[in-house]
Amino acid sequence: MTISSLAPRVDVRRAAERAATKISWLDSKHSFSFGRHHDPANTHHGLLLVNNDDVVRPGAGFETHPHRDMEIVTWVLRGSLVHQDSEGHNGVIYPGLAQRMSAGTGILHSEKNDSWRLAGDVHDEPVHFVQMWVVPDEAGIAPGYEQLEIEGELLSGGLVPVASGMPRHDGAAAIRINNRHAALYAARLEAGQGVRLPEAPFLHLFVPRGAVVLEGAGELGTGDAVRLTATGGQKVTATEAAEILVWEMHATVAA
């Protein structure tokens, strides 16, 4: 099936339907197949392979582990996350800071809730973040890393490009990802504020916190998601303070 022949579809996925990994230091909810949670009917939407909603307790986190040929975007909602990788990149990711790691030919990295080890007092706050993986345009590129503060742009209440490989976002606030067919947007909305979704063959709307109404689909709460195919332009309106993440994708993973 070609993209031009796709039938319009709005597929609502509720928070409770997600697979979960819960251990002593991690509470993770998976929108797609991940790790031991494999469902051949739920491996991706468009170019998006992973949408993990993670809470990590203080002092814990993901020890050094490898990735290859993946664009990994991390968006922190609360707390702070320390990134370190084998290419020498180090950073503390916090709300309003966009971060992307390109795994390329291979990279090792760790992510921990222990920013006090770099500077500051010990804290007891969990870190809550969403990590999203999309495939790159081509395999075997050089590993890379980028982060950018966009807190000011988020104050507008509109959809802000967080990470994009689309030519139209050159020079915009977005950090770059190595896929020219994909872009991630974020919006922070107060009750009554709304935004319109872009139009694209594939859209993924995720509500990491708060509550909204999606035109034509109804109410969405914390952890709910919608996979849209061959459609777009619907209005998303907050019914309470909310944050949304939207992927716009003009290609899909080959079957």
Side-chain angles (χ1 to χ4, degrees), residues 18-40 42-45 47-95 97-118 122-123 125-148 162-163 165 175-179 182 184 204 206 208 245 247 253:
R18 299 175 294 178
T21 298
K22 192 163 187 177
I23 53 179
S24 62
W25 58 270
L26 172 67
D27 185 357
S28 182
K29 306 294 194 305
H30 316 297
S31 296
F32 302 96
S33 293
F34 190 81
R36 64 182 178 86
H37 303 287
H38 182 69
D39 176 358
N42 184 33
T43 58
H44 68 282
H45 180 65
L47 297 165
L48 183 64
L49 277 67
V50 168
N51 188 86
N52 284 350
D53 186 4
D54 293 344
V55 177
V56 173
R57 71 169 175 79
F62 299 93
E63 298 292 345
T64 302
H65 59 282
H67 290 285
R68 186 181 181 90
D69 291 327
M70 198 64 63
E71 299 293 295
I72 299 174
V73 179
T74 302
W75 185 251
V76 173
L77 296 148
R78 178 168 60 98
S80 60
L81 188 69
V82 177
H83 167 96
Q84 295 179 307
D85 66 45
S86 54
E87 295 291 308
H89 305 117
N90 300 278
V92 178
I93 316 165
Y94 50 84
L97 181 78
Q99 187 242 35
R100 177 267 303 163
M101 184 182 75
S102 299
T105 54
I107 197 168
L108 300 170
H109 82 138
S110 64
E111 298 158 297
K112 294 185 177 181
N113 182 9
D114 62 353
S115 60
W116 65 81
R117 300 186 196 279
L118 301 178
V122 174
H123 66 254
E125 182 181 27
V127 60
H128 180 195
F129 62 97
V130 181
Q131 189 167 93
M132 299 153 281
W133 301 6
V134 296
V135 294
D137 277 331
E138 58 180 303
I141 63 174
Y145 180 89
E146 187 179 6
Q147 64 181 47
L148 183 69
V162 172
I175 55 177
R176 304 303 293 170
I177 56 174
N178 292 291
N179 195 309
L184 170 67
H204 187 267
F206 181 60
L245 295 169
W247 279 97
V253 176

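Here, residue 1 is the first one in the sequence, and each next residue gets the next number.
- F129 meets the ring pair (Phe, Tyr, Trp, His ring centres under 6.0 Å) test with no other residue; sequence neighbours excluded.
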Y145 and H83: CA distance, side-chain angles, deciding distance, ring pair (Phe, Tyr, Trp, His ring centres under 6.0 Å) verdict: CA-CA 10 Å; Y145 180 89; H83 167 96; 4.6 Å; yes

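- A distance-only check finds a donor-acceptor pair linking the side chain of N42 to the backbone of S31 [under 3.5 Å].
- In this structure, the separation between CG on N178 and CE on M70 is 12.5 Å, given to the nearest 0.5 Å.
- Here V55 pairs with D27, P126, H128 under the side chain to side chain contact (heavy atoms under 4.5 Å, CB included) rule; sequence neighbours left out.
- Among all heavy-atom pairs drawn from A163 and V73, the shortest one is CB-CG2, 4.0 Å.
- S80 OG to E125 CD: the interatomic distance, rounded to the nearest 0.5 Å, is 7.5 Å.
- Residue pairs meeting the salt bridge (charged side-chain N to carboxylate O under 4.0 Å, His left out) criterion with at least one partner in residues 59-72, sequence neighbours excluded, are E63-K112.
- Checked against side chain to side chain contact (heavy atoms under 4.5 Å, CB included), E87 has the following partners two or more places apart in sequence or in another chain: D85, H89, I107, P143.
- For H37, the ring pair (Phe, Tyr, Trp, His ring centres under 6.0 Å) partners two or more places apart in sequence, or in a different chain, are H30.
- The two residues A60 and W25 make their nearest non-hydrogen contact at CB-CB, 3.5 Å.
- The line from CG of L49 to CZ of F34 is 10.5 Å long, rounded to the nearest 0.5 Å.
- Annotation: the span from D137 atom CG to I177 atom CD1 amounts to 8.5 Å, rounded to 0.5 Å.
- Considering only residues two or more places apart in sequence or on other chains, H44 meets the ring pair (Phe, Tyr, Trp, His ring centres under 6.0 Å) condition with none of them.
- Judged by distance alone, with hydrogens and angles left aside, the side-chain atoms of H109 form no donor-acceptor pair with the main-chain N or O of H65 at under 3.5 Å.
- The shortest side-chain heavy-atom distance between Q99 and L81 does not fall under the 4.5 Å cut-off.
- Partners of D53 by salt bridge (charged side-chain N to carboxylate O under 4.0 Å, His left out), not counting sequence neighbours, listed by chain and number: R18.
- Evaluated for a side chain to side chain contact (heavy atoms under 4.5 Å, CB included) with F32, the options T43, N52, L48 yield exactly one hit, L48.
- Inter-residue side-chain proximity for L108 and P66 is flagged as met; some heavy-atom pair is nearer than 4.5 Å.
- By the salt bridge (charged side-chain N to carboxylate O under 4.0 Å, His left out) test, D39 is found to be paired with no residue, residues two or more places apart in sequence or in another chain being considered.
- Looking at V76 and L97, their side chains never come closer than 4.5 Å, going by heavy atoms from C-beta outward.
- Using cut-offs of 30° and 60° for the angle between ring planes, the H204 and F206 rings count as parallel.
- Put simply, CG on L148 and CZ on R176 are 12.0 Å apart, with the number rounded to the nearest 0.5 Å.
- Scanning all heavy atoms of the two residues, the minimum distance from V130 to P208 falls at CG2-CB, 4.1 Å.
- Evaluation of the side chain to side chain donor-acceptor pair (under 3.5 Å) rule for Q131 yields T74, E111, W133 as partners, not counting sequence neighbours.
- At a threshold of 4.5 Å between non-hydrogen side-chain atoms, the residues L245 and W247 do not count as touching.
- With contacts defined as side-chain heavy-atom distances shorter than 4.5 Å, the pair F62/L26 qualifies.
- The closest donor-acceptor contact from the side chain of N90 to the backbone of G88 lies under 3.5 Å.
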